[in-house]
Number of protein chains: 2
Amino acid sequence: MTSKLPNTSRSLPIALIRAREGVMFPIREMLTKTGITEQQWRVLRVLSEFGALDTSTLANRASLLFPSLTRIATTMRNKGLISQKRDDKDRRRQIITITEAGQKLIDDYTDQSAQIVVGFRETLGDKNYEQLLDLLEQLDPGSKQPRA
Amino acid sequence: MTSKLPNTSRSLPIALIRAREGVMFPIREMLTKTGITEQQWRVLRVLSEFGALDTSTLANRASLLFPSLTRIATTMRNKGLISQKRDDKDRRRQIITITEAGQKLIDDYTDQSAQIVVGFRETLGDKNYEQLLDLLEQLDPGSKQPRA
DNA sequence: TGATAATAGTTAACATGTTAAGGAATGACG
DNA sequence: CGTCATTCCTTAACATGTTAACTATTATCA
């Protein structure tokens, strides 16, 4: 059996990369002004939404790998955006908390960020936008169980 | 006006990352056996589809940034997967060509790669799969003009 | 209890993503 | 022809992605 690959123009991995580029462009533009990266923004958003979390849970919810989060956390601690302490019950665990400065950063840019989301929603239309999220979720291996 | 951000679970950027993780997982598993990375695989696929290309065009079609491609090309040249030469007409340009070894690698793994694509197509269903590609394309800023 | 496995994170090493600056060749124009 | 902007690409610097090895702590179980 000799199967053929789709054209690169209809390749799912490449389409996902390009879509991400397109979505991230205006967001990155906004983040430039904040001085933090896309990943650091995700960390703040997750902490702001869920409160203090241990490293594993945070990594999972922000879709970051452990080693990345270890480095990012160091950077963010130095910037005063988060604080870290050991869990007294299980001393292997690190508990990460958002600081006031971190929360302020979120608050300051929530509107602008939300506007960008609205833009994409309008580009696709509400119905398509929701369907896109549904389809993407089906490709996500973690979507079967709720995240830790 | 105080807008609110969507939950991180319905955030488009995060959904795109997670979907990409899901799609890339089996592909990366396959690529481990080949000894090349996902990006190097993309370069080979584009060269195999379009023939020799200059660096700019290749970067564009493989969705790679220039600096990345510069490094990747060095690696791949050392592995004997591609060859590079200057364009005689415009000596700023590098022309990149796939080697026999590179083409063999593509040939050896085309079937396996195509099977993975089939898997995702079946997961979503043909219709949804095509619609997903269409929606993703709408988020791609480069989709308005055909790529260089 | 004491050896061993499992868990939570970190560190290391290499590749890529991202932005900015730099170098070489070409093009435009007075 | 000479200057200057433009184009194509490379280098540099820092952040993240990815895999593997390693440390510290906790759980298991004979």
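Below, all heavy atoms of this structure are taken into account, side chains as well, without hydrogens, waters or symmetry copies. In what follows, chains are A, B, ... by sequence order, proteins preceding strands, each numbered from 1. Worth saying up front: this structure is predicted, and the values here are computed from it rather than measured.
Taking side-chain N and O atoms only, B/Arg71 has no distance below 4.0 Å to OP1 or OP2 of C/dG17. Between B/Thr37 and C/dT16 there is a side-chain N or O to OP1 or OP2 distance below 4.0 Å. In this structure, B/Thr70 does not reach the D/dC9 phosphate: none of its side-chain N or O atoms is under 4.0 Å from OP1 or OP2. Between A/Gln39 and the phosphate of C/dG17, there is no side-chain N or O to OP1/OP2 separation shorter than 4.0 Å. Between B/Arg93 and C/dA24 there is no side-chain N or O to OP1 or OP2 distance below 4.0 Å.
Between A/Glu137 and B/Arg18, no side-chain nitrogen of the basic residue sits less than 4.0 Å from a carboxylate oxygen of the acidic one, so the salt-bridge criterion is not met. Taking 4.0 Å as the cut-off between side-chain N and carboxylate O, A/Lys104 and A/Glu100 do not count as a salt-bridged pair. A salt bridge links A/Arg92 to A/Asp90: at least one charged side-chain nitrogen sits closer than 4.0 Å to a carboxylate oxygen.
Cluster membership for A/Phe50 and B/Ile14, using ILVMFWY side-chain heavy atoms within less than 4.5 angstrom, is not shared.
As rounded to whole Å, 18 Å separates atom P of C/dA21 from atom CZ of B/Phe66. If you measure from atom CZ of B/Arg42 to atom C1' of C/dT16, you get 10 Å, rounded to the nearest angstrom. Between the CZ atom of B/Arg86 and the C1' atom of D/dT7 there is a distance of 13 Å, rounded to whole Å. As a whole-Å value, the separation of B/Leu65 CG from D/dT10 P is 14 Å. The CZ atom of A/Arg92 sits 16 Å away from the P atom of C/dA5 (whole-angstrom rounding). The interatomic distance linking A/Asp87 (CG) with C/dT7 (P) rounds to 17 Å, in whole Å. For the pair B/Ile27 CD1 and D/dT18 P, the interatomic distance rounds to 13 Å; values are reported in whole Å. Distance B/Met24 CE to D/dT19 C1': 15 Å, rounded to the nearest Å.
Of the candidates D/dA24, D/dC9, C/dG9, D/dC9 carries the atom nearest the B/Ser56 side chain, counting heavy atoms from C-beta on. Residue B/Asp90 places its side chain closer to C/dT26 than to any other of C/dT26, C/dT18, D/dT18. Distance from the side chain of B/Arg91 is smallest for C/dA25 among the nucleotides D/dC9, D/dG17, C/dA25. Distances from the side chain of A/Ser68 to the nucleotides D/dT16, C/dA8, C/dA24 place D/dT16 closest. In this structure, the nucleotide among D/dT18, D/dT10, C/dA8 sitting nearest to the side chain of B/Gln94 is D/dT10. Side chain of A/Pro67, nearest nucleotide from C/dT11, D/dT7, C/dT18: C/dT11.
Note on B/Gln40: only backbone sugar-phosphate atoms sit closer than 4.0 angstrom, heavy atoms only; bases stay farther off.
The residue from A/Arg42, A/Glu49, A/Arg45 that alone fulfils the side-chain hydrogen bond (donor to acceptor under 3.5 Å, both in side chains) condition with B/Thr8 is A/Glu49.
Comparing A/Asp88 and A/Ile72 by the nucleotide of DNA chain D that holds the closest heavy atom to each, the one mapping nearer the 5' end is A/Ile72. Take the nearest nucleotide of DNA chain D for A/Leu64 and for B/Gln84: the residue whose nucleotide is more 5' is B/Gln84. In terms of position along DNA chain C, the nucleotide closest to A/Thr55 lies nearer the 5' end than the nucleotide closest to the other residue of the pair A/Arg20 and A/Thr55.
Between the B/Lys79 side chain and the B/Ile36 main chain, no donor and acceptor come within less than 3.5 Å of each other.
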